[in-house]
Structure formats: structure tokens, C-alpha cells
Participant: 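The structure is given below, and queries will be raised subsequently.
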Amino acid sequence: MTFINYAAREINCKIVYYGPGLGGKTTNIQYIYEKTGNNTKGKLISLATETDRTLFFDFLPIEFGSIRGFRTRFHLYTVPGQVFYDASRKLILKGVDGVVFIADSQEVRMDANVESIRNLSDNLKEHGYDLMKVPYVLQLNKRDLPTAVPVPQLVGALRIKNEPVYEAVASRGLGVFDTLKAIVKSVLLDLRSR
Ligand SMILES: Nc1nc2c(ncn2[C@@H]2O[C@H](COP(=O)(O)OP(=O)(O)OP(=O)(O)O)[C@@H](O)[C@H]2O)c(=O)[nH]1
Ligand SMILES: [Mg+2]
């Protein structure tokens with residue numbers, strides 16, 4: 001549901017960071033916010049509880065220069081990962097152009113990762129989208145932890161359709177921009193093919 005404003009020569013795209021609770025979605029967005037120049041980013045809006053868990057969403061508008069004279073503006077959202085906030089997650093997926101899945105590499109979070117991908121698929125379906133067709137990137141976060149599952153094993157369990165996969169340590173910013181660039185590229189490619 002990309003919004004193209006021909007009069008203003010602007011392309012607006014919505015990217016949603018999805019994934020299990022405490023996987024590092026907000027950490028990704030915060031890093032992007034901190035490392036992006038003032039003239040290319042808007043305000044970071046976070047609706048969080050006092051423990052920093054996402055209550056409804058985080059939102060960051062960011063500009064990516066222009067393509068054929070059109071300014072490209074991306075609206076980054078995160079969802080709350082905690083299981084009981086499903087209504088919010090569903091709502092935030094409305095009008096989505098691309099999804100980044102932030103997986104938690106820890107062994108104990110494997111079930112939560114798998115369950116969250118299933119939940120993503122279900123919630124997309126309710127908006128009439130097919131996960132297999134939506135621009136999609138997989139980030140394997142928390143690679144710094146000793147309990148991190150080996151990458152090939154994670155890829156085997158979580159990769160759904162040959163999507164780009166990035167290893168990350170979001171708390172140190174590693175892999176954050178590679179992931180963002182990949183989803184932007186994928187969304188723009190998808191746009192051109194329509
Ligand atoms: N060790 C380690 N910790 C990380 C990494 N990325 C994020 N964290 C930490 O994990 C915790 C949760 O990160 P958040 O970004 O709040 O997770 P979230 O996915 O937004 O969680 P919800 O909003 O509850 O869904 C925080 O304490 C982060 O500092 C990482 O790569 N390695
Ligand atoms: Mg969060």
C-alpha cells in the first residue's frame with residue numbers, strides 16, 4: 001500500500017519490524033535514530049512501559065534520498081513482541097510494504113521465534129497479504145550471546161523463502177544498517193515490479 005504522491009513527487013513506504021518479545025526490535029530503531037542526520041529523520045515516537053517494553057509501537061520516519069526525482073520516505077514501525085498484544089500487532093501491519101523479522105538467536109527463544117513468524121503470517125493474512133509475497137528480511141540478532149544457536153541451524157529453522165539474512169548485535173549497532181538497506185532495496189524492487 002505504498003503511498004505515491006505525484007504532485008509532491010514523494011514515495012512513502014511502511015516497514016514493520018516484527019518478532020518475539022525482547023528480541024531487539026526497539027534497539028534496531030533506536031540505533032537507526034541515533035546514527036541518522038537530523039535533516040533526514042523525523043521524530044522518534046515510542047510508546048513504551050516504564051520497563052521499556054513496547055506498549056503499542058515505536059515509529060521513526062526517515063528519508064532515503066531520491067529516486068528518479070521522487071523523494072523516498074520510509075516509515076519504520078516496531079510492534080510489541082509480548083504475546084498478549086496481538087491486537088496492536090495486527091493493527092500496525094495495516095498498509096505494510098515490507099517486514100523485517102528480528103529473531104532472537106538464543107536457544108531458549110527458538111520456540112518464540114517460530115511462533116512469532118506464524119503469528120506474522122496469520123496477521124498478514126487478515127489484511128489480505130501473503131507472507132510469501134511481502135518484501136521480507138530476516139535478522140538474526142544477539143549473536144554476541146554465548147547461548148546463541150549456530151547460524152546454519154537458525155537459517156534452517158527460520159528462513160521461509162530465501163530472504164536475505166543478516167547477523168546482528170543490535171545493542172552495538174552491528175548489522176542494523178545492513179538489514180535496513182536490504183529491506184529498503186527489496187521494497188523498492190517490489191514497487192518497480194508493479
Ligand atoms: N546481548 C544483546 N542484547 C541485546 C541485543 N539487542 C538488544 N539487546 C537487549 O535486549 C533487550 C530487549 O531489547 P528491545 O529492543 O527492547 O526488544 P524488543 O524486541 O523491542 O522487545 P518488545 O518491545 O518487548 O517486543 C534490551 O535490554 C536490549 O538492550 C544484542 O544484540 N545482544
Ligand atoms: Mg520494543
Side-chain angles (χ1 to χ4, degrees), residues 14-36 41-62 74-94 96 98-124 131 136-155 157-160 163-183:
K14 179 174 183 177
I15 293 174
V16 176
Y17 282 65
Y18 213 92
L22 297 177
K25 300 177 293 296
T26 296
T27 308
N28 267 265
I29 297 275
Q30 270 170 350
Y31 186 80
I32 294 164
Y33 178 75
E34 283 160 22
K35 296 295 174 188
T36 305
K41 73 186 177 195
K43 239 197 196 123
L44 172 65
I45 295 170
S46 289
L47 295 178
T49 61
E50 61 272 26
T51 54
D52 280 341
R53 302 298 301 265
T54 307
L55 191 56
F56 194 57
F57 59 71
D58 306 302
F59 169 64
L60 176 63
I62 178 170
F74 285 80
H75 302 253
L76 311 184
Y77 286 84
T78 79
V79 297
Q82 293 178 82
V83 172
F84 47 85
Y85 289 138
D86 196 45
S88 298
R89 275 194 297 281
K90 203 171 295 177
L91 196 61
I92 290 158
L93 283 174
K94 188 172 160 33
V96 70
V99 176
V100 173
F101 189 87
I102 306 294
D104 189 324
S105 293
Q106 297 175 93
E107 176 96 65
V108 291
R109 297 304 279 159
M110 279 310 288
D111 287 350
N113 289 326
V114 170
E115 172 52 34
S116 182
I117 292 174
R118 189 176 310 140
N119 176 255
L120 168 64
S121 175
D122 289 348
N123 282 340
L124 283 172
L131 175 57
Y136 183 74
V137 172
L138 171 63
Q139 181 186 96
L140 308 175
N141 192 32
K142 306 200 180 183
R143 295 311 304 162
D144 58 317
L145 295 177
T147 53
V149 174
V151 171
Q153 202 176 318
L154 282 173
V155 168
L158 303 177
R159 197 186 209 181
I160 52 172
E163 68 273 20
V165 181
Y166 291 92
E167 295 180 44
V169 183
S171 47
R172 283 195 260 136
L174 300 175
V176 170
F177 275 97
D178 291 335
T179 305
L180 176 60
K181 278 180 208 153
I183 193 65

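Throughout, residue positions are numbered sequentially from 1 according to the sequence presented. In listed order, ligands and their atoms are each counted from 1.
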Participant: Can you find an N/O atom of Arg143 closer than 3.5 Å to an N/O atom of ligand 1?
Facilitator: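 No, Arg143 has no N/O under 3.5 Å of an N/O on ligand 1.
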Participant: Given that the side chain starts at C-beta and the backbone is N, CA, C, O, which of these parts of Thr78 lies under 4.0 Å from ligand 1, counting heavy atoms, or is it both or neither?
Facilitator: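 The answer is neither; Thr78 stays 4.0 Å or more away.
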Participant: For residues Tyr136 and Pro164, report the shortest heavy-atom separation together with the two atoms involved.
Facilitator: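 Closest approach of Tyr136 to Pro164: O-CD, 3.5 Å.
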Participant: Please determine, by modelled atom types, if Tyr17 and Asp58 share a side-chain donor-acceptor pair under 3.5 angstrom.
Facilitator: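 Tyr17 vs Asp58: no donor-acceptor pair found between side chains.
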Participant: Identify, for atom 23 (O) of ligand 1, the protein heavy atom at the shortest distance, and state residue, atom and that distance.
Facilitator: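 Minimum-distance protein heavy atom for atom 23 (O) of ligand 1 reads Thr54 OG1, 2.5 Å.
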Participant: To check your reading of the model: name the closest protein heavy atom to atom 24 (O) of ligand 1, its residue, and the distance in Å.
Facilitator: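 In this structure, atom 24 (O) of ligand 1 has Arg53 NE, 2.6 Å as its nearest protein heavy atom.
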Participant: Tell me the protein heavy atom at minimum distance from atom 19 (O) of ligand 1, and give that distance in Å.
Facilitator: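 Protein heavy atom with the smallest distance to atom 19 (O) of ligand 1: Lys25 NZ, 2.7 Å.
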Participant: Can you name the nearest heavy-atom pair linking Gly175 to Ala168, along with the distance?
Facilitator: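 Minimum heavy-atom separation between Gly175 and Ala168: CA-CB, 4.2 Å.
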Participant: Taking the side chain from Arg53 and the backbone from Gly81, do they hold a donor-acceptor pair closer than 3.5 Å?
Facilitator: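 No; judged by distance alone, with no hydrogens or angles, the pair does not exist.
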Participant: For Arg89 versus Tyr18, what's the shortest heavy-atom pair and its separation?
Facilitator: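 Taking Arg89 first and Tyr18 second, the nearest heavy atoms are CD-OH, 3.3 Å.
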Participant: Using 30° and 60° as the class limits, which term best fits the ring planes of His75 and Phe59: parallel, tilted or perpendicular?
Facilitator: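 Parallel: the ring planes of His75 and Phe59 meet at under 30°.
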Participant: State whether the number of non-hydrogen atoms from other residues, nucleotides or ligands found under 6.0 Å of Glu107 atom CD is greater than 12.
Facilitator: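 Atom CD in Glu107 is not crowded, with 12 or fewer foreign heavy atoms closer than 6.0 Å.
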Participant: Is the side chain of Asn141 donor-acceptor paired with the backbone N or O of Ile102 at a distance under 3.5 Å, no angle test?
Facilitator: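 No.
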Participant: If you have a sec, read the angle at the Mg ion (ligand 2) from Thr54 atom OG1 over to Thr26 atom OG1, to 10 degrees.
Facilitator: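 OG1 of Thr54 and OG1 of Thr26 make an angle of 100° at the Mg ion (ligand 2), to the nearest 10°.
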Participant: Can you check atom 27 (O) of ligand 1: any protein non-hydrogen atom closer than 4.0 Å?
Facilitator: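 Looking at atom 27 (O) of ligand 1, one finds that no protein heavy atom lies closer than 4.0 Å.
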Participant: Can you tell me how far CG of Leu22 sits from NZ of Lys142, rounded to the nearest 0.5 angstrom?
Facilitator: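 Reported to 0.5 Å precision, the distance equals 6.0 Å.
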Participant: State if Gly23 counts as touching ligand 1 under the rule of any non-hydrogen atom under 4.0 Å.
Facilitator: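 Distance cut 4.0 Å: Gly23 passes for ligand 1.
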Participant: Give the residue, atom name and distance (to 0.1 Å) of the protein heavy atom nearest atom 8 (N) of ligand 1.
Facilitator: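 So the nearest neighbour among protein heavy atoms is Lys142 CE, 3.9 Å.
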Participant: For atom 32 (N) of ligand 1, what's the nearest protein heavy atom and its distance?
Facilitator: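 It is Asp144 OD1, 2.8 Å.
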Participant: For atom 30 (C) of ligand 1, find the nearest protein heavy atom and state the residue, atom name and distance (0.1 Å precision).
Facilitator: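 Result: Ser171 OG, 3.1 Å.
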Participant: Do Gly81 and ligand 1 have an N or O pair less than 3.5 Å apart?
Facilitator: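 N/O-N/O distance below 3.5 Å exists for this pair.
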Participant: Does ligand 1 have a heavy atom under 4.0 Å from the side chain of Leu22, from its backbone, from both, or from neither?
Facilitator: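 Both backbone and side chain.
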Participant: N/O to N/O below 3.5 Å, does that happen between Leu145 and ligand 1?
Facilitator: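 Among all N and O atoms of Leu145, none is under 3.5 Å from an N or O of ligand 1.
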Participant: Find all atoms of ligand 1 within a distance of less than 4.0 Å from any non-hydrogen atom belonging to Val169, and give their numbers and elements.
Facilitator: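 Atoms satisfying the 4.0 Å criterion: 31 (O).
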Participant: Hey, is ligand 1 close enough to Ala170 that some N/O pair sits below 3.5 Å?
Facilitator: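 Among all N and O atoms of Ala170, at least one is under 3.5 Å from an N or O of ligand 1.
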Participant: Identify the heavy atoms of Met110 and Val149 that sit nearest to each other, and give their distance.
Facilitator: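 Looking at all heavy atoms of both residues, the closest pair is CG-CG2, 4.2 Å.
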Participant: To which protein heavy atom is atom 16 (O) of ligand 1 closest, and what is the distance rounded to 0.1 Å?
Facilitator: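 In this structure, atom 16 (O) of ligand 1 has Thr26 CB, 4.0 Å as its nearest protein heavy atom.
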Participant: What is the nearest protein non-hydrogen atom to atom 7 (C) of ligand 1, stated with its residue, atom name and distance?
Facilitator: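 Its nearest protein heavy-atom neighbour is Thr27 OG1, 3.5 Å.
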